[in-house]
Amino acid sequence: MDVALVLVVAALALTFDFTNGFHDAANAIATSVSTRALTPKVALAMAAVMNFAGALMGTAVAETIAHDIIHIDGVGTRLTLVAVLAALVGAITWNLITWWFGLPSSSTHALIGGLVGAGLASGIAVYWDSIVEKVVLPMIFSPIIGFGIAFLVMVAVLWIFKNAAPAKASRRFRIAQTASAAAMALGHGLQDAQKTMGVMFLATTAVDWTTRGDPIPWQIKILAAAAISAGTATGGKRIMRTLGRRIIELDPARGFVAESVSAIVLYLNAFWLHAPVSTTHTITTAIMGVGATKRLSAVRWGVAKSIGIAWVLTIPAAAGVSVAVFWVLRPLLV
């Protein structure tokens with residue numbers, strides 16, 4: 001029974017990874033597609049490849065998900081597996097709801113909300129201090145930093161190129177967006193695929209196939225990288241329209257700056273803070289930052305408000321679904 005549950009958890013984790021890919025594909029390529037720097041097909045193919053590569057670049061974020069959200073030491077194997085199963089269903093459900101409405105919410109926070117809800121429903125201890133330090137604070141400050149830095153860098157770019165021929169400058173920034181979109185896709189793989197690795201490692205640790213402190217097995221890394229890459233390749237056009245056009249009409253220079261700043265924020269959080277930040281929040285606020293350099297009214301704040309509401313609801317909504325699913329699955333504990 002426990003082995004079957006591990007396999008179900010692994011399958012759901014990879015399903016979450018896949019939904020993460022098509023839900024968040026827009027994070028990397030929406031700006032490049034909207035400015036016509038890349039065609040949708042080329043952009044998706046590039047993002048899929050870079051997502052796969054980024055997923056294999058580290059495991060610090062995966063270890064945070066596996067060890068710093070809920071405390072499974074001394075908890076029964078089946079209880080842990082059912083809790084993780086409920087968490088994944090909660091995260092996947094919220095991903096699909098927000099994808100349907102075209103809202104760029106955070107797959108990261110959906111998963112963390114699912115784990116918190118499952119922990120509360122099952123009686124498994126939740127590391128609240130760690131969640132505040134590695135989830136809540138980065139959730140608050142990463143978007144603010146992304147907005148502020150994107151605004152300042154865009155102001156600098158406008159000043160540096162103020163005398164450049166507009167058509168020539170636009171063409172060069174359109175070419176540069178190929179690199180910035182690739183960097184953003186690499187950061188997305190680095191951050192988001194590792195969260196699936198962490199959940200799978202959590203499940204295998206529960207049945208003693210792996211031990212806390214062990215390196216994450218290469219098989220888990222490859223599976224997670226392949227799932228998010230496949231999901232990215234399928235698209236995510238609903239959210240792409242929101243990020244690329246509905247927040248602000250982007251030009252190549254602003255698209256390049258937004259992508260570059262977002263990628264840097266993702267790398268710093270992954271390699272330095274080991275924090276599982278939201279790629280969605282980071283790129284969305286960076287787009288708002290570069291847009292605000294036109295004028296504040298250029299940003300469609302009504303759309304931004306809808307996105308903000310989805311952000312606030314993500315963790316409690318995913319947690320609520322997770323709690324409900326756990327209670328449905330309680331008979332498995334007998």
Side-chain angles (χ1 to χ4, degrees), residues 6 9 12-13 16 20 58-92 94 106-142 190-216 220 224 268-279 281 311-327 329 333:
V6 172
V9 166
L12 272 179
F16 168 77
N20 189 331
T59 59
V61 172
E63 289 163 6
T64 295
I65 294 294
H67 305 312
D68 296 342
I69 306 299
I70 58 175
H71 180 74
I72 67 167
D73 293 346
V75 176
T77 298
R78 191 166 301 176
L79 179 61
T80 299
L81 294 175
V82 172
V84 173
L85 190 61
L88 286 166
V89 173
I92 291 169
W94 186 247
S106 169
S107 296
T108 300
H109 296 149
L111 178 59
I112 291 169
L115 287 170
V116 169
L120 293 173
S122 64
I124 296 175
V126 177
Y127 289 115
W128 294 110
D129 289 345
S130 178
I131 288 174
V132 170
E133 179 185 346
K134 294 189 175 182
V135 178
V136 176
L137 292 180
M139 178 176 71
I140 295 170
F141 289 111
S142 289
L190 173 67
Q191 273 281 343
D192 286 41
Q194 285 194 52
K195 292 146 195 174
T196 298
M197 295 179 201
V199 171
M200 294 175 71
F201 189 70
L202 188 63
T204 56
T205 300
V207 292
D208 296 326
W209 292 356
T210 53
T211 304
R212 179 170 181 157
D214 286 349
I216 293 177
I220 290 179
L268 288 176
N269 276 283
F271 290 124
W272 181 32
L273 300 177
H274 304 166
V277 298
S278 168
T279 55
H281 291 193
W311 289 358
V312 171
L313 290 177
T314 293
I315 289 180
V321 175
S322 178
V323 168
V325 172
F326 180 84
W327 283 100
L329 297 177
L333 300 175

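Counting begins at 1 with the first residue of the sequence.
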Rounded distance [0.5 Å steps], [atom1] in [X] versus [atom2] in [Y]:
X: I216; Y: Q194; atom1: CD1; atom2: CD; value: 7.0 Å
X: K134; Y: I65; atom1: NZ; atom2: CD1; value: 10.0 Å
X: T314; Y: I112; atom1: OG1; atom2: CD1; value: 11.0 Å
X: T59; Y: M197; atom1: OG1; atom2: CE; value: 8.0 Å
X: D129; Y: D68; atom1: CG; atom2: CG; value: 11.0 Å

Original post:
So, the side chain of Q191 versus the backbone of A275: is there a donor-acceptor pair under 3.5 Å, distance only?
Top reply: yes
**OP:** Give a yes or no answer on whether the side chain of S130 reaches the backbone of I69 with a donor-acceptor pair at less than 3.5 Å.
**Re:** no
Original post:
Tell me the ring-ring contact (aromatic ring centres under 6.0 Å, His included) pairs involving residues 59-82, sequence neighbours left out?
Top reply: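 Every pair satisfying ring-ring contact (aromatic ring centres under 6.0 Å, His included) with a residue in residues 59-82: H67-F201, H71-Y127.
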**OP:** Would you indicate whether F271, at its atom CZ, is surrounded by more than 12 heavy atoms from other residues, nucleotides or ligands within a distance under 6.0 Å?
**Re:** yes
**OP:** Sequence neighbours left out, what passes side chain to side chain contact (heavy atoms under 4.5 Å, CB included) with V325? Give chain and number order.
**Re:** A86, V89, V321, L329
Subject >> Results of side chain to side chain contact (heavy atoms under 4.5 Å, CB included) for W209 - residues two or more places apart only >> reply: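 Checked W209 against side chain to side chain contact (heavy atoms under 4.5 Å, CB included); matches are V3, V6, T204, V207.
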Original post:
Looking at side-chain heavy atoms only, is the closest gap between L85 and L12 below 4.5 Å?
Top reply: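 Yes, close enough: below the 4.5 Å cut-off.
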**OP:** Could you tell me whether the side chain of L111 reaches within less than 4.5 Å of the side chain of L88, counting heavy atoms only?
**Re:**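 Counting from C-beta outward, L88 and L111 do come under 4.5 Å.
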